[in-house]
Amino acid sequence: QVQLVESGGGLVQAGGSLRLSCVASGKIFSTYTMAWSRQAPGKQREWVATITSGFSTNYADSVKGRFTISRSNAKNTVYLQMNSLKPEDTAVYYCTAPRDGSWGQGTQVTVSS
């Protein structure tokens, strides 16, 4: 399994921005579809965005137009740029590799109103 380590979370005011990063171990990162999911307090985990090995992207309707997923295969890193943040975006954000079921430890994002 690929090992995943997220960073970049924090506290931000509504309307602000954050960029999350996820560094993956392994030499075949470039072949992996990668994704971000999140879990808000008291709620089930929710898929946020996906990027394929061919750089195709998909987004949940709740973040479309505000979030951007990208990747750098040279750095074994996937990013989530989050703009126009809302209090309802508050959650622990997880980087995932769906192929082998790998999840990172999560990074907390808190958006204050």
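Note that the structure is predicted; figures quoted are calculated from it, not measured.
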Shared hydrophobic cluster for Leu80 and Leu11 (ILVMFWY, side-chain gaps under 4.5 Å): no
Exercise: identify the closest heavy-atom pair between Gly9 and Thr107: N-OG1, 3.1 Å
Atom of Glu46, atom of Ser62 and distance for their closest heavy-atom approach: OE2-OG, 3.4 Å
Pair Lys64 + Asp61: basic N to acidic O under 4.0 Å: yes
Nearest-0.5 Å distance that lies between atom CE in Met34 and atom OG in Ser70: 12.0 Å
Exercise: identify the closest heavy-atom pair between Val12 and Leu85: CG1-CD1, 3.6 Å
Selection residues 12-24 - residue pairs positive for side chain to side chain donor-acceptor pair (under 3.5 Å), sequence neighbours left out: Ser17-Asn83
Taking every non-hydrogen atom, the tightest pair across Ile69 and Tyr59: N-OH, 2.9 Å
From Ser84 atom OG to Phe67 atom CZ, the distance as rounded to the nearest 0.5 Å: 9.0 Å
Listed once per pair and sorted, the side chain to side chain donor-acceptor pair (under 3.5 Å) pairs that draw on residues 91-101, sequence neighbours left out: Thr31-Arg99, Tyr32-Asp100, Arg38-Tyr93, Asp100-Ser102
Distance (rounded to the nearest 0.5 Å) between Cys22 SG and Arg71 CZ: 10.5 Å
Polar side-chain atom of Thr90 near backbone of Val111 as donor-acceptor pair, under 3.5 Å: yes
Side chain to side chain donor-acceptor pair (under 3.5 Å) partners for Gln39, two or more places apart: Arg45
Inter-residue atom distance Asn73.CG - Phe55.CZ, 0.5 Å rounding: 4.5 Å
Donor-acceptor pair, side chain of Ser25 and main chain of Gln3, under 3.5 angstrom: yes
Separation between OG1 of Thr77 and CZ of Phe29, rounded to the nearest 0.5 Å: 6.5 Å
Distance in Å, Trp103 CH2 paired with Glu6 CD, rounded so as to fall on 0.5 Å steps: 9.5 Å
ILVMFWY cluster, Met82 and Tyr79 together (side-chain gap under 4.5 Å): no
Shortest non-hydrogen separation from Ser53 to Ser30 and the atoms involved: CB-O, 3.2 Å
Val109 vs Leu20 side-chain heavy atoms within contact, under 4.5 Å: yes
Least distance between heavy atoms, Leu4 atom then Ala24 atom: CD2-CB, 3.6 Å
